[in-house]
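See structure below.
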2 protein chains.
Amino acid sequence: MVTPLEKARKDPDSMKGKILKAARRVFGEYGFHGTTTRMIAREVGIDISTLYYHWGEKGDLYGAVILDITDDLRGKLEEVEKVIHGKPLGTRMDIAIDMMTDHLFERPEISNLILFRYFGKTRNQTGFDFHVPEFISDIALSMNLCRDKEDVSAGVMMHVLAIMNSIHNFISGENFFRPMLALERDEYILKVKETLKFIFIPAFSGSHQL
Amino acid sequence: MVTPLEKARKDPDSMKGKILKAARRVFGEYGFHGTTTRMIAREVGIDISTLYYHWGEKGDLYGAVILDITDDLRGKLEEVEKVIHGKPLGTRMDIAIDMMTDHLFERPEISNLILFRYFGKTRNQTGFDFHVPEFISDIALSMNLCRDKEDVSAGVMMHVLAIMNSIHNFISGENFFRPMLALERDEYILKVKETLKFIFIPAFSGSHQL
DNA sequence: GATTGTTTCCATCAATTGATGGAAATGTAC
DNA sequence: GTACATTTCCATCAATTGATGGAAACAATC
C-alpha cells in the first residue's frame with residue numbers, strides 16, 4: 001500500500017508534493033498553532049479546499065511533515081555514518097559537523113520543527129512518535145560512545161542530545177542570531193561550524209573514549 | 001510612573017500579579033499562538049474580561065511576560081557574576097552552571113519562552129526587544145572571553161550563545177527528554193549539570209583563554 | 001447608608017479558523 | 001464526442017478566538 005506521504009515524495013511536482021513542501025516551510029516557521037491551513041494554501045497558490053482534498057485535516061498534514069523530516073534526517077545520518085566510518089574520532093566529528101550543518105542550513109525547517117516538538121506543547125497533543133531515542137542511539141554508536149545500540153547510558157544519550165541540539169539551535173536561530181552578530185550568511189555558516197568544533201571536539205577527544 | 005508590570009511584580013498576590021504568573025506558565029508551554037486568553041483566564045480562575053481589564057490586549061500581556069522573564073534572567077546573571085568573580089575559569093563555569101540550571105529548572109517558562117522567541121516566528125511580528133546581545137556580552141566579560149563589553153567578537157558571542165542555549169535546551173526539553181531517558185527529576189537535573197560541565201569546561205579551559 | 005470608584009462577570013461581537021458539500025473544470029478511456 | 005473519474009474552486013458552516021459594553025458585586029469615603 002502506498003501512503004499519501006510516499007506518493008508526495010515520489011513526485012515532488014505533484015500537488016500533494018507541492019503542498020507537503022510548502023507545509024514544511026510554513027509549519028517550520030510558525031509552528032503548529034501559528035500556522036493556518038489558509039497560509040499553506042496561499043503559499044502553494046491554491047484554494048484551501050484543494051489542500052483538504054489531498055491531505056485531510058490539518059493534524060494529518062502536520063503528521064506527514066513530521067514523518068517527512070524525520071526520514072530526511074535519518075537518511076542524512078546514515079549517509080554521514082558511511083563517510084566517517086572507521087576514521088579517528090576527531091576526524092569523524094569534524095566531517096559529521098560539516099555535513100550535517102550544510103544539509104540543515106539548506107533545510108532549516110527540519111531544525112525548526114524538531115525544536116518546536118522538543119520545547120513546545122501542542123494543544124491537542126497527538127502523539128506523533130519521533131523516533132528520537134533510536135536516532136540518538138545510532139549517533140552514539142557511530143561516535144563510538146557505546147558498544148551496543150540497545151544499551152546506551154543516559155549520560156551518553158545526553159552528550160549526543162547536546163551536540164544535535166546545538167546544531168539545530170544555530171540553524172534554527174539564524175534569523176535571530178545572524179543580525180545580532182552582523183554576519184553575512186556564508187560567514188555565519190562558517191562560524192557555526194567553527195564554534196561547534198571548538199566546543200564539542202575537545203570534550204570528546206579527551207580520555208573519555210571507549 | 002509605575003508600569004503595570006512593576007505593579008504586578010511588587011504585589012504577586014494581586015490580580016495583576018496572578019495573571020502575569022499564569023501567563024508566564026501558559027505562554028511558556030504553548031507559545032504565543034498556542035495560547036488563548038481564555039486558557040490563561042481559566043488558569044487563574046477568572047473571567048476572560050477581567051484579564052483584559054488588567055492587561056489590555058493579548059500582545060501586551062505577552063510583552064509584559066517577555067520583559068518579566070528578561071529582567072528575571074538579568075538579575076540572576078548579575079547574582080551569579082557576584083559569586084564567581086575573581087575565581088579561576090573552571091570554578092567559575094562550574095558554579096555558574098550549577099546556579100543557572102537550578103534557577104531555571106524552577107522556572108522553566110523562562111527557557112521555554114526564550115527558545116520560542118529564538119526559533120519561531122509570531123504572525124504579527126511585534127518587535128519586543130530582547131536585549132540578548134547585551135546579556136551575551138556581559139557573560140562573555142564575566143567568563144573573561146573578552147576585555148571590553150563593547151567589543152566582543154562574533155566568535156566569542158557564539159561560544160556564549162552555545163552555552164546558554166544548551167542550558168535552555170535541557171531545561172525546556174525536560175518533558176521530552178526525561179521520559180526518553182527514564183530518569184527521575186533529581187537524577188535528570190544532576191545529569192544535566194554533569195553533561196554541561198563535561199562538554200563546556202574542556203573547550204574553554206584549554207589555551208583559548210585571554 | 002448613600003456616594004463614588006474599582007473590580008468582576010455575563011452576554012455578545014466580529015473576525016478567524018478548521019472543515020465540508022457541491023458545482024465547475026480538467027483530464028482520461030473508449 | 002461521450003462517459004467517467006479526478007481535481008479544483010466557490011460558498012458556506014460551526015466553533016473558536018480576541019475583544020468590548022454594561023450590569024452587577026465589591027470596596028472605600030464621608
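Every chain is numbered from 1, with letters handed out A, B, ... down the list of sequences. Atoms considered below: every heavy atom in the structure, side chains included; atoms not considered: hydrogens, waters and symmetry mates.
Taking the six-membered ring for Trp and thresholds of 30 and 60 degrees, A:Phe200 and B:Phe200 have ring planes inclined between 30 and 60 degrees apart. Using cut-offs of 30° and 60° on the angle between ring planes, the pair B:Tyr118 and A:Phe176 is tilted.
Under the 4.5 Å side-chain criterion, counting only non-hydrogen atoms from C-beta, B:Tyr52 is not in contact with B:Leu61.
A cation-pi contact links B:Lys58 to B:Phe32, judged by a cut-off of 6.0 Å to the six-membered ring centre and 45° from its axis.
Using a 4.0 Å cutoff on non-hydrogen atoms, the parts of residues 28-36 of chain A near DNA chain C are A:Thr35, A:Thr36, ordered by number.
Heavy atoms only, all atoms of each residue included: B:Gly28 and B:Leu113 are closest at CA-CG, 3.8 Å.
Heavy-atom contacts of chain A under 4.0 Å fall on DNA chain C between two terminal nucleotides, which in 5' to 3' order are C:dT17 to C:dG21.
Applying side chain to side chain donor-acceptor pair (under 3.5 Å) to B:His85 and the options B:Lys87, B:Lys82, B:Glu81 leaves one that passes, B:Glu81.
Nearest-nucleotide mapping onto DNA chain C: of A:Ser49 and B:Tyr53, the residue sitting toward the 5' end is B:Tyr53.
Here the side chain of A:Lys121 pairs no donor or acceptor atom with the backbone of B:Val26 at under 3.5 angstrom.
Nucleic acid contact class of B:Ile46 (heavy atoms, under 4.0 Å, all strands): sugar-phosphate only.
Rounded to an integer number of Å, the gap from B:Met15 CE to D:dA25 C1' is 14 Å.
With sequence neighbours excluded, no residue forms a salt bridge (charged side-chain N to carboxylate O under 4.0 Å, His left out) with A:Arg42.
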